[in-house]
K.L.:
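Mind looking over this structure? Questions follow.
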Amino acid sequence: MTDNTPSPITATVPPTQPASRAFADLPLSPAQLAVLQQLEYFEMTPIQAASLPLALAGHDLIAQAKTGSGKTAAFGLPLLARLNPRHFGVQAMVLCPTRELAEQVSQEIRRLARAQDNIKILALCGGAPMRAQITSLEHGAHIVVGTPGRLMDHIERGSLKLDGLNTLVLDEADRMLDMGFFDDISWVASRCPPGRQTLLFSATYPDGIAKLAAEFLRNPQEVKLTEAHEADKIRQRFYEITPEQRLTAVGMLLRHYRPTSTLAFCNTRQQCKALFEQLRSEGFHVLTLHGELEQHERDQVLIRFANRSCSVLVATDVAARGLDIAQLEAVINVDITPDPEVHIHRVGRTGRADQDGWALSLVGPADQKKIVGIAQLGNFKPEWHKLDSLVAEDEAPLLPPMSTLQILGGKKDKIRPGDVLGALTGEAGYTREQIGKINVTEQTTYVAVDRNIAGEATRKLGAGKIKGKTVKVRRL
Ligand code: ADP
Ligand code: MG
C-alpha cells in the first residue's frame, strides 16, 4: 500500500485471511506493547488485525465490525501512537452518539494510554456543566471524546481549538446517523484541519455511511468483517407463529431454554412496552430500554442487566446499540427485522467469548420473506421448530442468580467498590463468591449479591457502616 494510491481502494478482508494477529508485528512502542500484555490483549481481534496496519500507516479508514469486536483499540492505538504528550493541545477527537458510549471509549483509551505519562483525555458530553469542561480544556487536553452537540458548543465558543488536531474518529457512525447527527458531524468535520487522518467505525453499513465517507474521508481503505465464522457458536432456531402468539411465545421460549440473560429485540418502542408488560405479568424479572428514560434510569437498567439480576432486557436496535454486555445466553428476535444485516448483528451478540448462545426468532406469516434474505446473507439453511415442541421442563420460575442492592451514596461520598466489598465480606460475614459486580456512580452505588442472601444483606449493610458512616440501602 503506497501513499499515492490513486482512488479509494476497497480491501474487504475475509476473517480467514492469514494476516498476523500479533501486536508485536505492528509499529508500536515497546511500552505500548507492554501495556497490551498487562491488559491481557494477547492477540489482535480480527477487526484490529485488519485495520491497525492501515490506520498506523496513516490511511483514512472505514471499518465495519459488530459490537464487542474491539473497535475502540483499533482507533485508540493509532491516535495514541501519533500523540505528542509534551504538546498540550487537542490532537485527537472522537465523536460518539451517546454520553454512555463516550464514557466507555474514554475509559478504554485511558487504559491503553497507561504507558504514557500525563496523557489527558476529556469526555465532553451534554448533561454535564459546561463551565467545568471549559476549565478542563483550559488546562490542556490531548484527546477529547464527546457527543456532536456538545463538541459543537465548545468549538463555537472557542474553548475547543482544533488547529493541532491530527486524528478525527467517528465511532458508531451508523448510530450517529440514526440519531440525526449528519449535519452536526459535517459541521464539526469541516472545522478540523484538512490534513488530518479520519477513521470511521460502524457496526452496520447503511447508505448514509458512504455519503459521510465521500465527504470527509480521503482515499479511505475499507475494512469489513462478516460474521459467518462465529455462527457455529450460535445455535439459531426459527419458530413459526401466528401474529397473536408473538408475545406469549417469548415466555414459552424462556421457560424452555431457561437462559440466565436474554436480550429480546423488538422493532418498535410500542412493542417493547407490550412485551415488557406481558413478561412482567408472567412473573419474569424483566427490564426495558427506551428513549424516554432519563440517563440515570438508563444507567440503572444496564447495571442491573449486566450484573445478572435481571433475566430479560427488552430493547429496540437503536436502544441496544453499542452496549458491551459480556455474557448473553440468548437473543430473541421477537420481531424479525427487515434488514438482514441487522439480524446478523443482533444474533452476533450471543455466543461470545467461546460460550454457546441461542438465537431464537419468532416468524409470523409476514416475516417469511425476510427469513429468505437473512438465510441468503448468512449463507445457512434455517432450522425450523414448532412452538408446541417447547415444554417447560422445570416448573420453578426463571429467576436471575443475583439481586441488586442500591446504596444511597457514591463517588461524591468517596465510596469505592472495595469499601462495599469490605463491608459485606467483613462485618456482614459473606464470602467473595456471594458478591457480584459493584458499580459506583456519582450519587449511588449498586452491588449485586446472591439472590438468596439479598434480604439479609440489605439489613446488614443498612445496620453497619461504609466509610465510617451509616448508609441507606434498598433492594431493587
Ligand atoms: P466495539 O467497539 O467493537 O464494540 P470494544 O472496543 O468496546 O468493542 O471492545 C470490546 C471488549 O473487548 C472490551 O472489553 C475490550 O477491552 C476487549 N478487547 C478489545 N481488544 C481486545 C484484544 N485484542 N484482546 C482481548 N480483549 C480485547
Ligand atoms: Mg465501540
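Order of appearance sets the numbers: ligands from 1, and atoms from 1 within every ligand. What you see below is based on every heavy atom in this structure, not just the backbone, and it leaves out hydrogens, waters and symmetry mates.
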K.L.:
Using a strict cut-off of less than 4.0 Å between a Lys/Arg side-chain nitrogen and an Asp/Glu carboxylate oxygen, indicate whether R346 and D317 qualify as a salt bridge.
P.N.:
yes
K.L.:
Do E156 and R191 meet the salt-bridge criterion of a basic N to acidic O distance under 4.0 Å?
P.N.:
no
K.L.:
Of all the atoms in ligand 1, which lie at a distance below 4.0 Å from a heavy atom belonging to T67?
P.N.:
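In order of number, 4 (O).
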K.L.:
Walk me through it: do Q197 and R82 pass the test side-chain hydrogen bond (donor to acceptor under 3.5 Å, both in side chains)?
P.N.:
CA-CA 11 Å; Q197 179 184 29; R82 204 163 304 128; 2.5 Å; yes
K.L.:
Given salt bridge (charged side-chain N to carboxylate O under 4.0 Å, His left out), test R99 with D299 step by step and report yes or no.
P.N.:
CA-CA 11 Å; R99 191 199 71 171; D299 291 346; 3.0 Å; yes
K.L.:
Give the numbers and elements of all ligand 1 atoms closer than 4.0 Å to a heavy atom of T72.
P.N.:
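Near T72, the atoms of ligand 1 are 2 (O), 5 (P), 6 (O), 7 (O).
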K.L.:
Can you find a non-hydrogen atom of R111 under 4.0 Å from ligand 1?
P.N.:
yes
K.L.:
Would you mind running through ligand 1 and noting each atom that sits below 4.0 Å from a heavy atom of K66?
P.N.:
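This gives 3 (O) as the contact atoms.
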K.L.:
Taking only heavy atoms of F23 into account, list the atoms of ligand 1 that are under 4.0 Å away from them.
P.N.:
23 (N)
K.L.:
Test your reading of the model: is there a side-chain donor-acceptor pair from T316 to the backbone of R269, 3.5 Å cut-off?
P.N.:
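No.
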K.L.:
Please determine if G68 has a nitrogen or oxygen closer than 3.5 Å to a nitrogen or oxygen of ligand 1.
P.N.:
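Among all N and O atoms of G68, at least one is under 3.5 Å from an N or O of ligand 1.
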K.L.:
Among V90, V105, I119, T167, which residue satisfies the side chain to side chain contact (heavy atoms under 4.5 Å, CB included) criterion with I143?
P.N.:
I119
K.L.:
What part of Q48 sits under 4.0 Å from ligand 1 if we count only heavy atoms: the side chain, the backbone, both or neither?
P.N.:
side chain
K.L.:
Does the N or O separation between A73 and ligand 1 drop below 3.5 Å for any pair?
P.N.:
no
K.L.:
On the 0 to 90° scale, with breaks at 30° and 60°, tag the F238-F380 ring pair as parallel, tilted or perpendicular.
P.N.:
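Plane angle under 30°, so parallel.
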K.L.:
Could E383 and R237 be called an ion pair, given the rule that one side-chain N must be under 4.0 Å from one carboxylate O?
P.N.:
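Looking at R237 together with E383, the answer is yes, because their closest N to O distance falls below 4.0 Å.
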K.L.:
Which of the numbered atoms in ligand 1 are below 4.0 angstrom from a heavy atom of E108?
P.N.:
15 (C), 16 (O)
K.L.:
List every atom of ligand 1 that sits less than 4.0 Å from any heavy atom of S69, numbering the atoms from 1 in the order shown and giving each element.
P.N.:
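So the answer, numbered in order with elements, is 1 (P), 3 (O), 8 (O).
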K.L.:
Hey, which atoms in ligand 1 end up nearer than 4.0 Å to a heavy atom of E43?
P.N.:
22 (C), 23 (N), 24 (N)
K.L.:
Out of Y41, F201, F42, F75, indicate the one that has the non-hydrogen atom closest to atom 27 (C) of ligand 1.
P.N.:
Y41
